[in-house]
Amino acid sequence: RSQDYGKTWKNVFKVMVPEKNNVLSIATSGNNPHRLIIGTEGGIFLSDNAGERWQDISSSLKSKKVKCAALINGSMYACTDDGLYVSKTEPAGAWERIYVISRVEEASAGSEIADAADGGTAPEEVDIGRMVNCVTNKGGRLYIGVGKAILYSDDAGRSWAALSST
């Protein structure tokens with residue numbers, strides 16, 4: 001953290017198992033300037049006091065690499081190698097996967113996730129090039145960067161479609 005526009009820096013993230021928790025992403029809350037969320041190689045952490053103290057909110061994400069974290073409209077999002085997760089409770093309770101990576105997982109879960117990102121890969125194929133790399137929103141629409149595609153959802157992640165390039 002810097003309080004002098006980057007002239008000096010203070011490390012505000014020190015955890016019990018530092019070799020597992022390299023910081024991969026950081027997000028702030030537009031409503032609360034003291035709220036921070038970080039994604040690490042070993043889960044996700046939350047601070048409500050500008051990084052003075054951290055709470056491990058990983059639960060089911062403890063063994064996941066969280067490459068992207070976001071605070072959007074009161075919900076917390078985590079991008080991992082096997083999908084996009086959301087926690088809608090404060091400070092963070094159960095994590096629900098709302099975007100699935102593997103076509104095998106989609107077929108077995110009966111998911112309605114759009115095929116647009118991969119041109120209709122057969123359900124038995126595993127598409128490892130569709131990891132969720134980023135998440136954001138605008139006007140109630142949720143966007144994710146997946147492989148070489150941008151997908152959007154207008155229903156909080158229950159269904160996804162490809163963003164048209166036209």
Can you tell me how far [atom2] of [Y] sits from [atom1] of [X], rounded to the nearest 0.5 angstrom?
| X | Y | atom1 | atom2 | answer |
| --- | --- | --- | --- | --- |
| Asn133 | Cys68 | CG | SG | 8.0 Å |
| Asn137 | Ser153 | CG | OG | 11.0 Å |
| Ile144 | Cys134 | CD1 | SG | 8.5 Å |
| Asp155 | Leu142 | CG | CG | 9.5 Å |
| Gln55 | Ile44 | CD | CD1 | 11.5 Å |
| Leu84 | Leu151 | CG | CG | 10.5 Å |

[X] versus [Y]: any side-chain heavy-atom pair under 4.5 Å?
| X | Y | answer |
| --- | --- | --- |
| Ile37 | Phe45 | no |
| Val135 | Tyr143 | no |
| Val132 | Thr80 | no |

Residues that Lys65 engages under salt bridge (charged side-chain N to carboxylate O under 4.0 Å, His left out), provided they are two or more places apart: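 Here no residue qualifies.
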
Those residues that, when tested against Asp154, pass salt bridge (charged side-chain N to carboxylate O under 4.0 Å, His left out) (two or more places apart):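 Expected list: Arg141.
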
Nearest non-hydrogen partners of [X] and [Y], listed with the distance:
| X | Y | value |
| --- | --- | --- |
| Ile98 | Ala156 | CD1-O, 3.9 Å |
| Gly42 | Ser58 | O-OG, 4.1 Å |
| Ala69 | Ile38 | CB-C, 4.4 Å |

Counting only heavy atoms from other residues, nucleotides and ligands, does the tally under 6.0 Å from CD1 of Ile150 exceed 12?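 Open: at most 12 neighbouring heavy atoms sit under 6.0 Å from CD1 of Ile150.
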
With clusters defined by side-chain heavy atoms of hydrophobic residues (ILVMFWY) lying less than 4.5 Å apart, directly or transitively, does Leu36 cluster with Leu24?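 Unlinked, Leu24 and Leu36 end up in two clusters.
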
Verify ring-ring contact (aromatic ring centres under 6.0 Å, His included) between Tyr152 and Trp160, making sure each step is shown before the conclusion. CA-CA 5 Å; Tyr152 70 91; Trp160 296 91; 8.4 Å; no

Whether the side chain of [X] engages the backbone of [Y] through a donor-acceptor N/O pair (distance < 3.5 Å, no angle test) should be reported.
| X | Y | result |
| --- | --- | --- |
| Thr40 | Gly43 | yes |
| Ser47 | Trp54 | no |
| Arg97 | Val86 | no |
| Trp95 | Met76 | no |

If only side-chain N and O atoms count, and only distance matters, is there a donor-acceptor pair under 3.5 Å linking Asn73 with Ser75?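 There is no such pair between these side chains.
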
I'd like to know if Lys64 pairs up with Asp81 as an ion pair, taking the criterion as any Lys NZ or Arg NE/NH1/NH2 lying under 4.0 Å from an Asp or Glu carboxylate oxygen.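 Salt bridge between Lys64 and Asp81, a charged N being under 4.0 Å from a carboxylate O: no.
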
Contact list for residues 24-33, test side-chain hydrogen bond (donor to acceptor under 3.5 Å, both in side chains), sequence neighbours left out: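 Of all non-adjacent pairs touching residues 24-33, none passes side-chain hydrogen bond (donor to acceptor under 3.5 Å, both in side chains).
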
Check the pair Tyr85 / Val66 against side-chain contact (heavy atoms from CB on, under 4.5 Å), numbers first and verdict last. CA-CA 10 Å; Tyr85 292 79; Val66 180; over 6 Å; no

Any chance you could lay out the side-chain contact (heavy atoms from CB on, under 4.5 Å) test for Arg35 and Leu46, step after step, and finish with the verdict? CA-CA 7 Å; Arg35 177 166 266 200; Leu46 172 73; 3.8 Å; yes

